[in-house]
Amino acid sequence: MSTTEVENYPGFPEGVTGPELMERMRRQALRWGAELYEEDVVSVDFSKRPFEIKSEDRTMRANAIILATGATAKRLRIPSEEKFWSKGISACAICDGASPAFAQKELAVVGGGDSACEEAIYLTKYASKVHLLVRGEEMRASKAMRDRVLDSSDVIVHYNTSVEDAAGNAQGFLESLKLVNTKTNESIPEPLKVAGMFYGIGHTPNTKFLDSQLGTDEDGFIIVSDHDKTSTTVEGVFSAGDVHDKEWRQAITAAGSGCQAAISTERYLQMNKLLKEVKMMDTKDAKEEIEAAKKKEAEAPKKKTHEPAIDADNFDIDRQKHQGQYALRKLYHESPRPLVVMYTSPTCGPCKRLKPMLSTVLDEYEKSIHYVEIDIAKDPEIAESAGIMGTPCVQVFKDKARVAVINGVKMKSEYRKIFSEQLIESSAA
Ligand code: NDP
């Protein structure tokens, strides 16, 4: 989930952040006996019964499957998009907006729907001004969202405007946008000077790994039955949330869809005499976990202000995983091992996904690789000097030289490959 503040989820009168909601759901699922594997599915085989699901680490068999893979933000595909990707152009204002490179700069958001409006409002926290570039005569966003944008003195809306291309500065970072008037189809002579451009132009469903084994519409969204809104064209395979829902795309509607899919799945398994009962976590264990989580939550605000900064007194170079700028400086200068640095930000949903995945991979290199996590909100000057324009960003250093940069969330194999290459080079040297 990439949304920051979720205001319309029942039961949270003060709102809740996307990452926090995800964490609570995770704990709830575990309590009810779910086994969680945080890894990418690379293929599925719906022709076999039970179905077969493959990740890089395992092959699993299942009598029924619920697909809830969501949707990924679309890109504009302007000519110089790759050149400035993560150097000013981004598809996630929520993940990348906090980057110090955007602080007090003029920024642009493309789109006229709820996503674009939400991004524009969010960016006003950091930017000196936000330009919302709407290709049509009007915004398609809901009235409430439109009004928030129009009421904000920090957002300037440009109607009938689209982006033709981008240009950068001497350091290779985005500096300006070449715009077109969509009514006349003529280029707008004056480039728009912005340090960042964020896309809010809709989403593409994450269905490629299904390899056309079930019915999708022309945009790739899974086709679900009118009857229960979760059954797909393959019996025993169900769908939940944004991977089939083009319209509502709210955390609460996706959660409701997940519940429908779970009930449909249970009925299917029961009818086919395939249902096996999984025991809920022992009540005592569950209670203990809830109590521990509650305690942690209660301590969290205190922890924030009193958390001891890592310094000379508590830094231990023998530990593999560290946090903060002191540890980064020490390891950068003193560690003989390759150093992996992960830049995160507090509101970044993908960072939450990457952390446990990366941690599992790093465990395989416990004695040979050092790791530091940098929160760009806590250590903005470090993020700025590292040229961070989006999170999550993983940088790998060897002998004080930066040897790899991995933006976003990739498969475990990609991190393994880079880490292993560095170790092979170290031992060969
Ligand atoms: P939408 O499809 O609603 O809007 C996409 C916007 O991008 C439109 O304004 C569209 O323009 C524009 N666009 C598409 N392609 C291009 C392009 N190539 N160049 C320029 N502009 C382009 O997507 P959203 O992600 O905004 O919303 C999807 C759904 O999710 C909606 O139902 C929305 O309500 C919901 N949502 C709700 C939120 C909330 O309530 N907090 C937050 C985010 C989403 P045009 O209008 O001209 O087609």
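Ligands are counted one by one from 1 in listed order, and the atoms in each one are counted from 1 as well. Quick note: numbers below take in every heavy atom, side chains included, and nothing from hydrogens, waters or symmetry partners.
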Does Arg75 make a cation-pi contact with Trp85, if we ask for NZ or CZ under 6.0 Å from the ring centre and within 45° of the axis?
-> yes
May I ask you to list the atoms of ligand 1 that are less than 4.0 angstrom from any heavy atom of Gly111?
-> 7 (O)
Less than 6.0 Å separating the ring centroids of Phe102 and Phe198?
-> yes
Out of Glu247, Arg135, His203, Met139, the nearest non-hydrogen contact to atom 32 (O) of ligand 1 is supplied by Glu247
So between Leu76, Thr182, Leu133, whose heavy atom ends up nearest atom 19 (N) of ligand 1?
-> Leu76
Ligand 1 N/O within reach of Asp114 N/O, cut-off under 3.5 Å = yes
Give yes or no for whether the N/O distance cutoff of 3.5 Å, strictly under, is met between Gly113 and ligand 1.
-> yes
Residue pair Ser187 / Glu164, side-chain donor-acceptor N/O under 3.5 Å = yes
Can you list the atoms of ligand 1 that are under 4.0 Å from a heavy atom of Gly200?
-> 6 (C), 7 (O)
Under 3.5 Å, which donor-acceptor pairs link side chains of residues 149-162 to any protein atom two or more places apart or in another chain?
residue, atom, partner, partner atom, Å
Ser152, OG, Asp154, N, 3.1
His158, NE2, His131, ND1, 2.8
Thr161, OG1, Tyr159, O, 2.7

Of all the heavy atoms in Gln250, does at least one lie under 4.0 Å from an atom in ligand 1?
-> yes
Go through the structure and list residues passing ring pair (Phe, Tyr, Trp, His ring centres under 6.0 Å) with Phe221, not counting sequence neighbours.
-> none
Out of Ala71, Ser115, Ala144, indicate the one that has the non-hydrogen atom closest to atom 26 (O) of ligand 1.
-> Ser115
Show which atoms of ligand 1 fall inside a sub-4.0 Å distance from at least one heavy-atom site of Glu118.
-> 41 (N), 42 (C)
Using a 4.5 Å cut-off on heavy atoms from C-beta on, say whether the side chain of Met389 contacts that of Phe173.
-> yes
The reported gap from NZ in Lys54 to CD in Glu39 (rounded to nearest 0.5 angstrom) is 14.0 Å
